[in-house]
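Take a look at the structure below.
Predicted model only: the values in this text are computed from it and were never measured. All heavy atoms count here, side chains included; hydrogens, waters and symmetry mates do not.
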Amino acid sequence: MLAKISMKIVSSLEKCFLDEGISSKKERTSYLMYRNEKLSFQVLVRTDAYDGTSVPIYTVAVEGALAPYVTLREMICVPCHYPAAERRDEDTLRTTPGLYPDLLRPLHYRNWLRVPVGQLKSIWVDVQIPEGSDVPKDATELTFALSQKNTKAEEREELGRVTASIRVSDVTLPKQKLIHTEWLYSDCVAEAYRTEVWSEKHWEMMEKYVKSAVDNGVNLIFTPVFTPELDTYIGGERPTTQLVKITVTGKDTYEFDFALLDRWVDMCERLGVDYYEIPHFFTQWGADHAPKFVATVNGEEKRIFGWETDSMGEEYGAFLAQFITALVGYFKKRGLHERCFYHISDEPQLAHLDKYLACKSRVAPYLDGATLIDALSNLDFYESGALEHPVPAIQKIQPFLDAGIDGLWAYYCGANGKPVITGRYMSQPLFRTRILGVQLYRHNIVGFLHWGFNFYHNQYSYDYVDILGNTDGEYFAPSGDMNLVYPGSDDTVWESIRLNAMREAMDDIRALELCESVLGRERTEELISVGTTEPLTFFAYPKSGEYLLSLHDRVLLAVEQAQK
């Protein structure tokens, strides 16, 4: 018997749980896209009836002039044991453990699709026009036809079809100005693919991870010139990923080999990376110790600094003077000095001010004016002059905005509670992830930082965890905070719908900056305010995907009209 199915096209901002009905999802079949943006939407399929002995298998045919530019993926629901913290807010879709929509995986079964009766399935559609391609000037139809595969005879019988109308504009988005970092953990990549750090396999996978980051608006890449000490228990250490080889040549004297760093930089430059982020020179939450450094000592590789090292120790100070001088010299030689960002210590509190200043005094003289940034959410700390470029948490950013600080950055993590801010938990709606772009634009934020592109450890990195089966790091953080990508079983990177929303947020900024360059800031602000009842801020914003979809089209149409 042929299955009975329902189909519908919806936007990329719908989260579709397996147990939901298709009628509850808002249909959206008309799309307008910039020539150089990636347009994403979903084709939903639900099997309403089937009396066969196994789950029906469908084939998907894509028809239309834009079909050659379409990529299909299957949206997979992943285990979510810890959807939200006790201190949660009203913008939460669900709070019970279960399977949550997130993972984007290539179609299996030779590009077929299996949809059990009573489950809602999403086919994820990406439309991307290569540079120089000739596409229709007017709106064109893109049709998706579903047929049931007969496994006994190679026959197909069409069950349904849905059509989207897409117009590709001649307007192109400008290069992204916002500096965007998502901390990329090289050790987690090696662990996920069961390979040695900096083996050829590791390099292959790192290139795929960096490419995924760059393709989705991450232009500042976390570069492990030494092993980052982030989220590591006291006395513990992460697998060594140090790119700069060190040899101890005498008492407090060292030689540095930048061959691995050269390979890293060559890779990043080839992939389009704009900036390089150097790990923190001192440990997290207080700057009391040194991160791990390994070196060759009398022909043997060993740890020379780490938790046992006082951050103010003389030996470590002598080492930093030589290491930073050599590192800065390397980046200058490569013409990258102005594109590097450095850290002292992550998330210092006001009680750590004296230690932070002392640590800064150990490194600043050798950085030759390079940019220092740190997650820092206390205005008094900033006003002490300790750091020129603070990165406050969005929950605590208002005093920094009120102070009128130029060149302000922002970050978030643990986006639960009051006020209700942008976030990327699996239990939160996707409009809440994408609204970040409009918010960053409105407040003239120049950089955004998040700690979890691919954190595949539990809290404090006691253990590696299989993120495909445990998305919260064994109750470390609500699912979604730790990662935007997954290790694919086919030696690729599997992205998430949340990463897609983050890319759309970055593209929203680019579109608004383009609009400002053509129509001015005042007119751009007017376009943002359409459909709102109060000025859009980090804490007050429209709670719907439709607002963002309409804003996208409204801005593009205004730019097109102005350029006629």
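In this structure, the side chain of T471 engages the main chain of P79 through a donor-acceptor pair within 3.5 Å. A distance-only check finds a donor-acceptor pair linking the side chain of S377 to the backbone of A393 [under 3.5 Å]. Of the possible polar contacts, one joining the T253 side chain to the G250 backbone as a donor-acceptor pair under 3.5 Å is found. With S169 contributing its side chain and Y34 its backbone, the two residues share no donor-acceptor pair below 3.5 Å. With hydrogens and angles ignored, the 3.5 Å screen pairs no side-chain donor or acceptor of T232 with any backbone N or O of G236. Under the 3.5 Å distance criterion, the side-chain polar atoms of E37 are left unmatched by any main-chain donor or acceptor of L39. A donor-acceptor pair under 3.5 Å is absent between the side-chain atoms of N454 and the main chain of Y486, judged by distance alone. For K38 (side chain) and I129 (main-chain N/O), no donor-acceptor pair under 3.5 Å exists by modelled atom type. In this structure a side-chain-to-backbone donor-acceptor pair under 3.5 Å is present from R238 to L230. For R498 (side chain) and N483 (main-chain N/O), a donor-acceptor pair under 3.5 Å exists by modelled atom type.
D126 and R73 are joined by a salt bridge, as a carboxylate oxygen and a charged side-chain nitrogen come within less than 4.0 angstrom of each other. Remark: K175 engages D274 in a salt bridge, criterion side-chain N to carboxylate O under 4.0 Å. The pair E308-R303 counts as a salt bridge, with a side-chain nitrogen and a carboxylate oxygen less than 4.0 angstrom apart. Taking 4.0 Å as the cut-off between side-chain N and carboxylate O, E269 and R339 count as a salt-bridged pair. Taking a cutoff of 4.0 Å between a charged side-chain nitrogen and a carboxylate oxygen, D491 and K201 qualify as a salt bridge. Comment: K211 does not engage E207 in a salt bridge, judged by the lack of any side-chain N to carboxylate O separation of less than 4.0 angstrom. Between E315 and K251 no salt bridge is recorded (no basic side-chain N to carboxylate O distance below 4.0 Å). Checked for salt-bridge contact, D266 and R334 meet the test: a charged N lies under 4.0 Å from a carboxylate O.
Note that CZ of F281 is 12.5 Å distant from CZ of R362, once rounded to the nearest 0.5 Å. Note that CZ of F476 and NE2 of H457 are 11.5 Å apart. Values are rounded to the nearest 0.5 Å. Atom OG1 of residue T296 and atom CD1 of residue I304 lie 9.5 Å apart, to the nearest 0.5 angstrom. Here the CG-CD distance, from L173 to E513, works out to 10.0 Å after rounding to the nearest 0.5 Å. From I421, atom CD1 reaches atom CD of Q428 across 8.5 Å, with rounding to the nearest 0.5 Å.
Contact between L408 and I445 at its shortest, heavy atoms only, is O-CG2, 3.2 Å. The two residues Y316 and D310 come nearest to each other via the heavy atoms CB-O, 4.4 Å.
For the pair I221 and V210, the minimum side-chain heavy-atom distance is below 4.5 Å. Inter-residue side-chain proximity for M205 and T195 is flagged as unmet; no heavy-atom pair is nearer than 4.5 Å. Looking at heavy atoms from C-beta onward, V391 lies out of side-chain contact with D374 at the 4.5 angstrom threshold. The shortest distance between side-chain heavy atoms of S496 and N500 does not fall below 4.5 Å. Using a 4.5 Å heavy-atom threshold, the side chains of L548 and I435 count as touching. Between P279 and F226, some side-chain heavy-atom pair lies under the 4.5 Å cut-off. Side-chain contact between V135 and L66 is present, with at least one heavy-atom pair separated by less than 4.5 Å.
Between F400 and Y382, the angle of the ring planes lies from 30° to 60°, which puts this pair in the tilted group. Ring planes of Y185 and F222: perpendicular class, angle over 60° (limits at 30 and 60°).
Remark: E474 CD is packed, more than 12 non-hydrogen atoms of other residues, nucleotides or ligands lying under 6.0 Å away. Other residues, nucleotides and ligands place no more than 12 heavy atoms under 6.0 Å from the CG atom of D406. For Q563, the CD atom is densely surrounded, since the number of other residues' heavy atoms within 6.0 Å is greater than 12.
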Apply the test ring pair (Phe, Tyr, Trp, His ring centres under 6.0 Å) to residues H450 and Y411: give CA-CA distance (whole Å), side-chain angles for both, the deciding distance (0.1 Å), then the verdict. CA-CA 6 Å; H450 193 279; Y411 84 99; 8.3 Å; no
CA sep, side-chain torsions, deciding dist, call: W285, H280, ring pair (Phe, Tyr, Trp, His ring centres under 6.0 Å): CA-CA 11 Å; W285 310 310; H280 307 70; over 10 Å; no
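Two rings, from W409 and F341, have their centers less than 6.0 Å apart. Between F323 and F293, the ring centre distance stays below 6.0 Å. Here the two rings, on H337 and F331, have centers that are 6.0 Å apart or farther.
Residues H202 and E204 have side chains that never bring a donor and an acceptor to within less than 3.5 angstrom of each other. For the residue pair Q42 / S122, a side-chain donor-acceptor distance below 3.5 Å is found, with atom types taken as modelled. With hydrogens and angles left out, the side-chain atoms of T71 and Q128 include no donor and acceptor closer than 3.5 Å. Inspection of the Q242 and T227 side chains reveals no N or O donor paired with an N or O acceptor under 3.5 Å.
Residue N216 forms a side-chain contact (heavy atoms from CB on, under 4.5 Å) with just one option from M502, R503, E182, and that option is R503.
Sorted by first then second residue, the ring pair (Phe, Tyr, Trp, His ring centres under 6.0 Å) pairs that include residues 235-254, not counting sequence neighbours, are Y254-F319.
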